[in-house]
Amino acid sequence: MKFLSVIAALYFCHLIIFFCILAAAGDSPSPYYTPTEITFVACGCLGNISAHGQTWVGDVSSQYSPLGHQQSTISTKPREPPYSASRLSHSQFTYTFNVTPGQKFIRLHFYSTSYSGFNISSAFFSVKANSFTLVNNFSASFAPDDTFFKEFCINVPEDQKSLSITFTPSPDYQDSYAFINGIELVSMPLNLYYTAADDQSLEFVGEGSQFSILNSNALETLYRINVGGSFISPQMDTGMYRTWIADDGYVTDARPSALPVNTTIVLRFSRILNFSAPLAVYRTARTMGLDKNINEHYNLTWEFQVDSGFIYFVRLHFCEFQLEVTEERDRVFKIYLANLTAEDVADVIAWSGGNGVPEYRDYAVAIGSKSDVKKQNLSIALHPAPRWRTKYSDSILNGIEIFKVDNNGSLAGPNPYPTVSQASSFGTRSPQQSTKAKNNRPRMLGIVGVVASGLVVLFIVFLLISRRAVMKEAKSRGPASSLPSDLCTQFSISEIKEATKDFNNLLIIGRGGFGNVYKGFLNGDSIPVAIKRLNPGSQQGALEFQTEIGMLSQLRYLHLVSLIGYCNDDGQMILVYDYMARGTLRDHLYNSDNPPLPWDRRLKICIGAARALHYLHTGASKVIIHRDVKTTNILLDEEWVAKVSDFGLCKFGPNFSKTHVSTQVKGSIGYLDPEYYRLQLLTEKSDVYSFGVVLLEVLCARPPILRTGDKKQVNLAVWATECYRNGKIGDIIDPFLKGNAPPVCLNQFAEVAMSCVNDDRIRRPSMSDVVWGLEFVFQLLRESSEKSEKLGEIEHKTVRYDSASLTRDVFSDIVNPQGR
Ligand SMILES: *[C@@H]1O[C@H](CO)[C@@H](O)[C@H](O)[C@H]1NC(C)=O
Ligand SMILES: *[C@@H]1O[C@H](CO)[C@@H](O)[C@H](O)[C@H]1NC(C)=O
Ligand SMILES: *[C@@H]1O[C@H](CO)[C@@H](O)[C@H](O)[C@H]1NC(C)=O
Ligand SMILES: *[C@@H]1O[C@H](CO)[C@@H](O)[C@H](O)[C@H]1NC(C)=O
Ligand SMILES: *[C@@H]1O[C@H](CO)[C@@H](O)[C@H](O)[C@H]1NC(C)=O
Ligand SMILES: *[C@@H]1O[C@H](CO)[C@@H](O)[C@H](O)[C@H]1NC(C)=O
Ligand SMILES: *[C@@H]1O[C@H](CO)[C@@H](O)[C@H](O)[C@H]1NC(C)=O
Ligand SMILES: *[C@@H]1O[C@H](CO)[C@@H](O)[C@H](O)[C@H]1NC(C)=O
Ligand SMILES: *[C@@H]1O[C@H](CO)[C@@H](O)[C@H](O)[C@H]1NC(C)=O
């Protein structure tokens with residue numbers, strides 16, 4: 001009875017956790033930031049223009065017409081918006097925006113070119129936003145690119161309801177004029193860069209004190225760098241339309257060994273970094289190289305030109321990725337900012353808590369005035385810590401942001417402007433490179449963690465409740481109520497014969513190498529059950545029969561099929577399960593007459609099955625490896641709840657001291673982990689591989705093995721990997737989904753699937769990572785449907801299904817246990 005209670009308590013705990021997670025998913029923060037305020041103004045334009053996925057509202061005869069525009073002129077040039085038109089004036093003009101109080105990005109777009117009557121060499125002007133001077137005696141003609149933008153952060157205080165941006169031609173020059181091509185106003189997440197009242201973490205380097213970016217400060221973004229990577233377009237940012245550029249032009253000392261590296265981190269995001277950077281930033285890095293001796297004798301250095309006489313706010317982004325670097329003190333290094341020691345012991349693992357987890361650090365550093373030097377270089381240098389402190393003499397950096405902090409309300413520096421980092425955000429740089437960027441994965445880890453820690457309490461509570469609960473449950477289960485000492489019933493052969501009308505062929509709902517599955521009703525009960533009869537006399541069958549009973553009678557979980565009982569009379573091997581009204585997942589994907597499953601349902605099924613595997617891997621006292629994960633072993637009940645079935649091949653996993661068990665290779669063709677196959681070493685990552693194949697089947701609606709003419713395409717995992725590498729995964733996605741699921745979801749889902757079928761098992765995510773990844777896709781889906789609801793764009797989606805376009809070939813020698 002004690003055992004019973006424990007099992008039941010576990011079961012209920014899991015149910016509770018499941019619902020907690022569901023509930024938590026409801027109000028977990030959005031993976032992307034959704035600006036409360038977002039305005040794109042195309043100066044000198046009439047009407048709305050759409051460009052780069054945004055609607056730019058013309059400032060001519062609209063709510064955004066500037067004050068003083070009577071004196072201004074409008075000119076156009078054949079460029080992409082917002083550079084296609086310009087507002088120019090020899091006298092002052094002011095844009096006024098009605099805004100809610102709070103922190104905002106302001107981006108000013110300029111195209112430095114002459115128009116008739118306006119020679120660019122006399123464009124000298126100042127720009128003020130409320131009380132802040134953004135630029136003074138500014139000349140766009142000094143910028144290195146002809147189209148560029150400048151980004152500022154300012155706070156609109158509680159008592160103000162508007163933001164005015166005033167352009168004033170410089171009084172020191174004759175014929176001076178001011179001009180502007182585009183203005184962006186985007187609200188910022190609270191305290192993304194500003195310092196929260198209780199935050200003491202911003203170190204003033206060289207001063208030994210704390211610094212704060214207050215609401216009374218303004219910032220100018222000078223550099224926003226994706227170290228080791230490439231351009232990330234505003235559309236690929238995490239909702240704030242920021243632009244990230246490569247670091248190549250700024251690295252001044254990187255020995256040949258310090259190549260940029262692709263970090264290939266997957267799905268390990270343990271917390272939301274306040275949307276601070278898109279995943280792509282953490283996908284690439286720069287390290288010093290493999291040679292200790294070289295590394296110990298140089299500083300990996302970047303230099304950024306800045307104005308003298310200002311304080312700079314520097315944010316450095318880190319994410320450890322190298323597989324060897326998992327412990328504190330593995331990679332420890334020093335950080336120098338402007339030749340000052342900012343960090344004596346930089347240890348990314350200690351900061352972030354683990355490999356694959358992103359983290360950032362903030363610093364303030366002053367670049368003093370020098371009478372004759374208007375520009376100086378702010379250097380960021382990394383150097384390995386002494387050998388006694390670090391296992392690997394190396395350092396790492398993933399991203400850099402540098403902001404100028406206003407000096408008594410002014411951000412204005414002298415001309416020429418610092419090499420403006422931000423050439424046109426819509427420029428010629430190929431944005432395709434960053435299509436992978438929309439990946440800032442939020443983490444529900446925090447929530448899950450809280451839930452997990454509550455588990456102990458829940459456990460005790462439920463231990464008390466469970467006794468009663470399990471009795472009730474057993475009763476409602478019918479036959480199980482007669483079960484005295486175990487959770488599953490032993491049936492007599494006559495009961496089974498009665499239930500299956502003496503194994504009537506008409507009641508067969510599944511056939512396989514092991515035998516048949518029948519639908520039956522026990523004791524004249526109205527509740528249907530599935531009865532699996534293993535071929536008597538099979539040696540292997542006998543073993544699997546015992547494994548299945550052994551495993552399933554101990555496991556109870558929403559997403560595992562429930563074993564009701566078994567029959568062992570006269571050498572029979574019969575298993576009785578809950579009946580799964582909707583059969584196998586495969587029946588709803590291909591080679592059947594069922595209508596195609598909608599995307600949200602596919603996703604929920606995958607999440608359920610992933611949870612079941614996660615439960616097997618971590619929920620019981622020992623790791624349980626399923627070994628036969630496939631779409632025919634994922635069953636669906638009346639309510640489309642996924643249930644993982646068939647535990648005949650299950651194995652207890654390794655103990656903590658060992659990392660694998662060696663076994664004879666078992667499983668189904670097309671789903672087999674190549675590394676398991678090769679090395680005959682079984683780990684739970686083999687299930688992850690097979691589950692990856694399941695995800696691909698769900699995504700592409702084709703069997704894992706398809707005998708077609710083209711050899712490359714036979715094995716789904718191999719073929720998908722090749723398509724993915726070539727950026728062509730879209731070509732093999734189920735055509736039905738293409739019209740009926742948001743592309744961002746499909747991409748994300750594909751990415752989860754691809755990470756699971758990685759050849760190198762160490763690089764595969766754990767099942768809990770997979771669950772997170774899929775939940776994230778679900779969240780994206782919900783968000784995009786909320787968005788389209790908001791826009792009133794909900795159209796009744798008709799089911800488009802072009803079965804002819806899918807090559808459907810039968811491959812059915814894989815056994816099909818219980819199901820139809
Ligand atoms: C232009 O777009 C804005 C916001 O996107 C909208 O409020 C306005 O009605 C549009 N104007 C026209 C003329 O379409
Ligand atoms: C603008 O002025 C500069 C010098 O004042 C002159 O060299 C240049 O030709 C002028 N450009 C145009 C387009 O008038
Ligand atoms: C990183 O990935 C990009 C895109 O896949 C590729 O072009 C580049 O060569 C890779 N760089 C390294 C160092 O592997
Ligand atoms: C950002 O992080 C701070 C502190 O870590 C937190 O208080 C705040 O709610 C977060 N903001 C968002 C938008 O998640
Ligand atoms: C840092 O040191 C380098 C050489 O050691 C020097 O050229 C540079 O001016 C220094 N930078 C600052 C901000 O002092
Ligand atoms: C690295 O930079 C720091 C700060 O500029 C300097 O003190 C140190 O000597 C440099 N180390 C090497 C090996 O160049
Ligand atoms: C600043 O760095 C640039 C390269 O990034 C270099 O060309 C220039 O000489 C440096 N200036 C100073 C004052 O060190
Ligand atoms: C700050 O600016 C105000 C007005 O712009 C000026 O009166 C004041 O003297 C300035 N303070 C300092 C320290 O420069
Ligand atoms: C304005 O900028 C120009 C170009 O850098 C410079 O020559 C001039 O001295 C500046 N004028 C003032 C008043 O600062």
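Ligands are counted one by one from 1 in listed order, and the atoms in each one are counted from 1 as well. Remember, predicted model here, so these are calculated numbers, not experimental data. Side chains are part of it too, since the values below use all heavy atoms of this structure and drop only hydrogens, waters and symmetry mates.
Inter-residue side-chain proximity for Trp302 and Ile402 is flagged as unmet; no heavy-atom pair is nearer than 4.5 Å. Pro358 has its side chain out of reach of His317: every pair of non-hydrogen atoms, C-beta onward, lies at least 4.5 Å apart.
Close placement of the Phe40 and Tyr241 rings is indicated, their centers lying within 6.0 Å of each other.
Taking every non-hydrogen atom of Asp172 and a distance limit under 4.0 Å, the qualifying atoms of ligand 9 come out as 13 (C). Atoms of ligand 6 found under 4.0 Å from any heavy atom of His383, numbered from 1 in the order shown, are 13 (C).
Between Asn339 and ligand 6, a contact under 3.5 Å exists for at least one N or O pair.
One finds no salt bridge joining Asp146 and Lys77 here, because no Lys/Arg side-chain nitrogen approaches an Asp/Glu carboxylate oxygen to under 4.0 Å. The pair Lys374-Asp307 does not count as a salt bridge, with every side-chain nitrogen at least 4.0 angstrom from each carboxylate oxygen.
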Is there any protein N/O under 3.5 Å from an N/O of ligand 1, and what does the full list of such pairs look like?
| from | atom 1 | to | atom 2 | distance (Å) |
| --- | --- | --- | --- | --- |
| ligand 1 | 2 (O) | Asn48 | ND2 | 2.4 |
| ligand 1 | 11 (N) | Asn48 | ND2 | 2.9 |
| ligand 1 | 14 (O) | Asn48 | ND2 | 3.2 |

- Query: Run the ring-ring contact (aromatic ring centres under 6.0 Å, His included) check on Phe138 and Phe124 step by step: do they pass?
  - Reply: CA-CA 5 Å; Phe138 168 66; Phe124 282 97; 9.1 Å; no
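In this structure, Arg315 satisfies the cation-pi test against Tyr360, with its NZ or CZ atom closer than 6.0 Å to the six-membered ring centre and inside 45 degrees of the ring normal.
For Asp347, the side-chain hydrogen bond (donor to acceptor under 3.5 Å, both in side chains) test picks out no residue, with sequence neighbours left out.
When non-hydrogen atoms are compared, ligand 9 lies under 4.0 Å from the side chain of Tyr173 (C-beta onward) but not from its backbone.
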